[in-house]
Protein chains: 2
Amino acid sequence: MNIGEIARRAGVARSTVSYALTGKRPVSEETRQRIQAVIEELNYRPNAAARALKEGRTRTIGLVIPPASQRLTDMQLGFVATVVDAAARADLDVLLSPSGGEHERSFERVVTGRRVDGVILMEIRLEDDRVTRLRQSGLPFVGIGRTSHPEDMTWVDVDYETLISQCVHHLADLGHRDIALVNRSAELVAAGYGPGHRAQAGFTRAVAQRDLHGVHACCADDAQAGLSCVERLLAEHPELTAIATINETAITGMYRALAQAGLAVPKDFSIAGVAARHLAENLDPPLTSADVPTIELGARAVELLIQRIADPGSPHRHLLAAPPISLRGTTGPARPRA
Amino acid sequence: MNIGEIARRAGVARSTVSYALTGKRPVSEETRQRIQAVIEELNYRPNAAARALKEGRTRTIGLVIPPASQRLTDMQLGFVATVVDAAARADLDVLLSPSGGEHERSFERVVTGRRVDGVILMEIRLEDDRVTRLRQSGLPFVGIGRTSHPEDMTWVDVDYETLISQCVHHLADLGHRDIALVNRSAELVAAGYGPGHRAQAGFTRAVAQRDLHGVHACCADDAQAGLSCVERLLAEHPELTAIATINETAITGMYRALAQAGLAVPKDFSIAGVAARHLAENLDPPLTSADVPTIELGARAVELLIQRIADPGSPHRHLLAAPPISLRGTTGPARPRA
DNA sequence: TTGTAAGCGTTATCAA
DNA sequence: TTGATAACGCTTACAA
């Protein structure tokens, strides 16, 4: 089924069908209706490849996600969902591309093969090859996250530095003097994962400002690791009374470690973090946390990308979200441990 | 950058470049290398739209997911991740399409617009329009899930009926006589959601076989709903000593309701379910459950789809997974409640 | 208001 | 072993 067949049956030229479809040229009401009837009868829809070839655009955006092997966090999942949703609202399709590891080819296809009009890139490192490659290619892109030179790219990001700093200040206000930061995995941080570094910077700064004693620990992204990480922290640093964290997936394990050590939250020990609201609310007790506005950030990323596609020369724009900390059930006055 | 430019610089015809690229015709080693050099120098990659137009296939598969608004469960997320992963391994791209609700157009574009070579459909209802439309369109598709007439389509699915039945038998073996099934949301079940109906069927069957007393309850897909659902169950049915469930997302709330009622798991109350392993293992206590093999099912779905694309006339194939129940920490001997 | 025809970048047929 | 050329299905200048 193609446009020629529709034209034949409606007794008009192919171009007339095209114009009736796109509205880029007036078509008399009568022929428009005749064409419409045929289109509906045959359930015709223009061939996307032909249209893309002719127009030079695909009406598709690429979403580059971390490889599936390492499970997506609640927050990452939130971004994927809202990006797909926002794109669909703008009649854009979304091509998913796992990057990293063995999926190099997938990324190359998407970027170089003109399969998409633009790209949204997740999980950006401070130094990131993919950003370099996208820049070279000239393909419009927007980061969810940013490199260490964030001026010359468009991005939305979570202000982990400020947020973790606020967590520490909040804990210090409650009298806590010995606080640990539970970061993401050591590999991720070593690989230059932005949120890990920025959280650490914010932690260090706040600890210095308040003249506290701070401990930094990396922790793999799963509950088991959270459990053993906190077990170790409690053993090695008996003076600790609070934790600040950006590691969503390890949190349930951290809760468990505290429970097993006989520490009640928030009576004996406090926790504050940065997490997806959905996750924070559903923990027991609910986590005091800065709730990352994934829906807004994802939607804004799509919006910024659409703008860049429309006008690739426009100046880069940035959105750094620092949502307020929502007080829930996990922070309370400091109480020295035995 | 196009194939003509490569041909010009390498001093050969466009077709020769094409053949050097696809290997569908022998090309002398010398010219092949000359072409290869130019390609690498310019980092050329064939235009996907032109290729799709000419070849009549897109090297892309569609993945139709439930709309983002209703959060994806751990299991659904697992499917998405493994499908993307398996597809990338076969050098296929994945086009994501949220279906249902307001995203009708996205589905239509993907199906009718020849944007993909085949489709993987998630969250299938017993009667499902999308299956009907895909059948009409002639586009190869594979379901993760199945309709009430599953013979004439290709699918992979979880055998909820058998699994819930096994859960009930396991609980009965431990002496439980009064068991509740916590199903997915009432809307989902009313809309003919397969797993909900099949779980109910398995539950009813096993309850009859063992001459037990069974209570069926629907529960929305979040922790809060799990909490209030179990609160209500405990109040209205003081005789209950165990729960079987397929509602992953409500489980933490169910745990909380039991704790608040002063019931220890598994000493006072047992729970068994069907869930993603990752989730089951990370609960506290870890959930006794049939672990849905998302990785295998997702990979098999892609495999089956690739086969159907290659040979659309081949007979339909099915894969019904009934993984064994993994005994973890949530089921124990029945102990009558006060 | 409508029709004609060129061309987007490939692949594949037919010649050489 | 290679080259010229006709499609694939669409959009859009240009003509009528």
Side-chain angles (χ1 to χ4, degrees), chain A residues 1-36 38-39 42-60 91 93 109-117 137 139, chain B residues 1-36 38-39 42-60 91 93 109-117 137 139:
Chain A
M1 191 48 44
N2 62 30
I3 202 171
E5 180 68 13
I6 304 295
R8 205 179 54 71
R9 298 212 192 196
V12 296
R14 288 186 355 249
S15 57
T16 307
V17 177
S18 176
Y19 287 121
L21 232 34
T22 61
K24 290 184 184 175
R25 187 169 91 171
V27 171
S28 78
E29 185 54 23
E30 192 206 321
T31 53
R32 203 195 58 72
Q33 287 193 2
R34 201 166 64 243
I35 290 170
Q36 196 53 41
V38 178
I39 284 177
L42 303 187
N43 193 26
Y44 163 79
R45 218 150 315 244
N47 179 307
R51 180 176 265 188
L53 178 57
K54 179 63 191 171
E55 287 192 322
R57 61 169 183 156
T58 59
R59 298 165 192 264
T60 304
D91 279 331
D93 289 319
R109 262 201 316 271
V110 168
V111 172
T112 328
R114 301 214 186 314
R115 283 181 91 13
V116 298
D117 298 335
S137 77
L139 199 60
Chain B
M1 191 46 43
N2 61 30
I3 202 172
E5 180 67 14
I6 305 294
R8 206 180 54 72
R9 299 210 191 196
V12 297
R14 291 190 341 254
S15 55
T16 306
V17 177
S18 177
Y19 287 122
L21 232 33
T22 61
K24 291 184 183 174
R25 188 168 91 172
V27 171
S28 79
E29 185 55 21
E30 191 205 323
T31 53
R32 204 195 58 72
Q33 287 193 0
R34 200 167 65 245
I35 291 170
Q36 195 55 41
V38 179
I39 284 178
L42 301 187
N43 193 26
Y44 163 80
R45 220 152 312 248
N47 179 307
R51 182 176 262 189
L53 177 58
K54 181 62 190 164
E55 287 192 321
R57 61 166 182 160
T58 60
R59 300 165 192 264
T60 305
D91 279 331
D93 289 319
R109 266 201 312 272
V110 167
V111 172
T112 327
R114 300 210 187 318
R115 284 181 89 20
V116 298
D117 298 335
S137 78
L139 198 62

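All chains are named by letter (A, B, ...) in the order of the sequence lines, taking the proteins before the strands, and each is independently numbered beginning at 1. Values below: every heavy atom of this structure, side chains too, minus hydrogens, waters and symmetry copies.
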dT2(C) phosphate, OP1 or OP2, under 4.0 Å from T16(A) side-chain N/O | no
Atom CD1 of I35(A) and atom C1' of dT2(C) are separated, to the nearest Å, by 10 Å
Assign G113(B) to base, sugar-phosphate, or nothing according to its heavy-atom contacts below 4.0 angstrom with the strands shown.
-> nothing
Do you know which two heavy atoms are closest between L139(A) and V110(A), and how far apart they sit?
-> CD2-O, 4.4 Å
Can you find a donor-acceptor pair, distance only, under 3.5 Å between R25(B) side chain and dT2(D) base?
-> yes
Pairwise 5' ranking along DNA chain D for Y19(B) and L53(B), keeping only the more 5' one | Y19(B)
Closest to the side chain of A13(B), out of dT10(C), dA4(D), dG7(C), is dA4(D)
Hey, is the main chain of A10(A) close enough, under 3.5 Å, to the side chain of R34(A) for a donor-acceptor pair?
-> yes
How long is the line joining CD of E5(B) and P of dT10(C), in whole Å?
-> 11 Å
Which is true for S28(B) with a 4.0 Å heavy-atom rule: it touches a base, it touches only sugar-phosphate, or it touches nothing?
-> sugar-phosphate
Any N/O donor-acceptor pair, R51(A) side-chain to dG9(C) base, under 3.5 Å | no
Could you please name the option among dT1(D), dT2(D), dT11(D) that lies closest to any side-chain atom of P26(B)?
-> dT1(D)
base_contact_polar (dT4(C) base, S15(A) side chain, donor-acceptor, <3.5 Å) = yes
Can you tell me how far OH of Y44(B) sits from CG of N2(B), rounded to the nearest 0.5 angstrom?
-> 7.0 Å
With respect to the phosphate group of dG9(D), does any side-chain polar atom (N or O) of Y44(A) fall under 4.0 Å of OP1 or OP2?
-> no
Quick one: does K24(B) reach the base of dA12(C) with a side-chain donor-acceptor pair under 3.5 Å?
-> no
Distance test, side-chain N/O of T31(B) to OP1/OP2 of dT2(D), below 4.0 Å = yes
Would you find more than 12 non-hydrogen atoms of other residues, nucleotides or ligands less than 6.0 Å from E30(A) atom CD?
-> no
Here the distance between atom P of dG7(C) and atom NZ of K54(B), to the nearest Å, is 18 Å
Given atom CG of N2(A) and atom P of dC8(D), what is their separation to the nearest angstrom?
-> 8 Å
Closest-nucleotide 5' rank along DNA chain C - winner of S18(B) and E55(A) = E55(A)
Roughly how far apart are K24(B) NZ and S18(B) OG, rounded to 0.5 Å?
-> 7.5 Å
